[in-house]
Colleague: 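Below is one structure. I have some questions about it.
Every heavy atom of this structure was used, including side-chain atoms; hydrogens, water molecules and symmetry mates were not. Order of listing sets the numbers, starting from 1, for every ligand and every atom in it. Quick note: residue numbers are just sequence positions, from 1. Fair warning: this is a prediction, and the values are worked out from it, not measured in the lab.
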Amino acid sequence: RLKKAKATLLVVGLDNSGKTTLAKTIQGFSGDAEQLQEGDILNVQPTIGFKVEKVDSPFSKGLKLNIVDMSGQQCYRELWQTYYEDVQGILFVVDAADHRRFSEAREALLGVVKHSELEKKPLLLFSNKMDLRHAGTGAQVAKEVGLNDLANHLQRAWRLQGCSAITGEGVDDGIKWLISQVK
Ligand code: GDP
């Protein structure tokens, strides 16, 4: 049951994909960062290309989100990995409206699903910003990020979910699914 979930989820994706907005939506916030109260983000270490936030969610006091920004220099990848072993589920966020960065997202996703620490961990792929008119459809996004070619690395529970971190559409469904898969 959701209320009893004790899990740490890894929220990954390129910069600007909507990870922070999504985390706030999951927390039950809407609107801008000013609405966040002190203490909601327990640990923030902003550095160029590397950011981790730990967030408590009202879904459950036991649910933590570790947010890792996957953009930027390769050298930060070593750092991201230190957060991998402690997570039970992966939430990969793609900006469905940013067609120019699909290949970059694809590379980042590949790096995540290939990582040995993340093997077999359930993966929720959020195709975010579906509220935007020029957002790709689920099928387009799946194709662009190479889901079809990832079969070898996708030996785990996974799901593609269209969502909007702004309107909240699809977010609950996705998160509930991911939590249901967390062992
Ligand atoms: P992060 O860098 O991955 O944490 O991305 P942010 O959460 O900071 O979002 C980047 C930008 O995209 C901000 O201007 C958000 O308001 C916007 N954004 C995030 N999610 C959505 C969405 O679902 N729909 C729309 N239209 N904009 C979004």
Colleague: Applying a heavy-atom cut-off of 4.0 Å, say which part of Asp131 lies close to ligand 1: side chain, backbone, both or neither.
Modeller: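 Looking at Asp131 and ligand 1, just side chain atoms fall under 4.0 Å.
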
Colleague: Kindly compute the distance separating NZ (Lys129) from OG1 (Thr167), expressed to the nearest 0.5 Å.
Modeller: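 Separation between the atoms: 13.0 Å.
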
Colleague: I want to check something: taking the side chain as every heavy atom from C-beta on, are Trp158 and Leu150 in contact at a cut-off of under 4.5 Å?
Modeller: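 With C-beta onward as the side chain, the pair stays apart.
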
Colleague: Decide, yes or no, whether a salt bridge links Arg159 with Asp173 under the criterion of side-chain N to carboxylate O below 4.0 Å.
Modeller: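 Asp173 and Arg159: not salt-bridged.
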
Colleague: Give the numbers and elements of all ligand 1 atoms closer than 4.0 Å to a heavy atom of Lys19.
Modeller: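 The list of qualifying atoms is 1 (P), 2 (O), 3 (O), 4 (O), 5 (O), 7 (O).
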
Colleague: How far apart are the C-alpha atoms of Val113 and Leu154, what are their side-chain angles, what is the distance that settles it, and do they pass the side-chain contact (heavy atoms from CB on, under 4.5 Å) test?
Modeller: CA-CA 7 Å; Val113 296; Leu154 276 180; 4.2 Å; yes

Colleague: Give the atoms of ligand 1, by number and element, whose distance to some non-hydrogen atom of Leu132 is under 4.0 Å.
Modeller: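 This gives 26 (N) as the contact atoms.
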
Colleague: Which ligand 1 atoms does Ala165 reach within 4.0 Å, using its non-hydrogen atoms?
Modeller: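 So the answer, numbered in order with elements, is 20 (N), 22 (C), 23 (O).
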
Colleague: Quick check: does Leu22 get an N/O under 3.5 Å from an N/O on ligand 1?
Modeller: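 In fact, backbone or side chain, Leu22 has no N or O that close.
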
Colleague: Could you go through the side-chain contact (heavy atoms from CB on, under 4.5 Å) check for Val93 and Leu91 one step at a time?
Modeller: CA-CA 6 Å; Val93 188; Leu91 210 162; 3.9 Å; yes

Colleague: Does Glu169 CD have over 12 foreign heavy atoms under 6.0 Å away?
Modeller: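 No - once you tally the heavy atoms of other residues, nucleotides and ligands closer than 6.0 Å, there are 12 at most.
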
Colleague: Under a 4.0 angstrom heavy-atom cut-off, which atoms of ligand 1 come close to Asp15?
Modeller: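 Those of ligand 1 that fall under 4.0 Å from Asp15 are 2 (O).
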
Colleague: May I ask you to check whether Cys163 has an N/O atom sitting below 3.5 Å from an N/O atom of ligand 1?
Modeller: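 By distance alone, the answer is no.
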
Colleague: Heavy-atom distances under 4.0 Å are what count here, so tell me which part of Thr20 touches ligand 1: side chain, backbone, both or neither.
Modeller: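 Both parts.
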
Colleague: So is Gly13 in contact with ligand 1, going by heavy-atom distances below 4.0 Å?
Modeller: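 The answer is no: ligand 1 sits nowhere under 4.0 Å from a heavy atom of Gly13.
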
Colleague: Got a donor-acceptor contact below 3.5 angstrom from the Lys19 side chain to the Leu14 backbone?
Modeller: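 Here the side-chain-to-backbone pair exists.
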
Colleague: Just verifying a value: how many Å separate Asp95 CG and Asn16 CG, rounded to the nearest 0.5 Å?
Modeller: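 That separation rounds to 6.5 Å.
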
Colleague: If you measure from each non-hydrogen atom of Asn128 to ligand 1, which part falls under 4.0 Å: side chain, backbone, both or neither?
Modeller: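 Contact part for Asn128 vs ligand 1: side chain (C-beta onward).
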
Colleague: Any atoms of ligand 1 less than 4.0 Å from a non-hydrogen atom of Leu14? List them with their elements.
Modeller: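 Result: 3 (O).
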
Colleague: Which of these, Asp95, Ile166, Thr21, has its nearest heavy atom closest to atom 21 (C) of ligand 1?
Modeller: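 Heavy atom nearest to atom 21 (C) of ligand 1 belongs to Ile166.
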
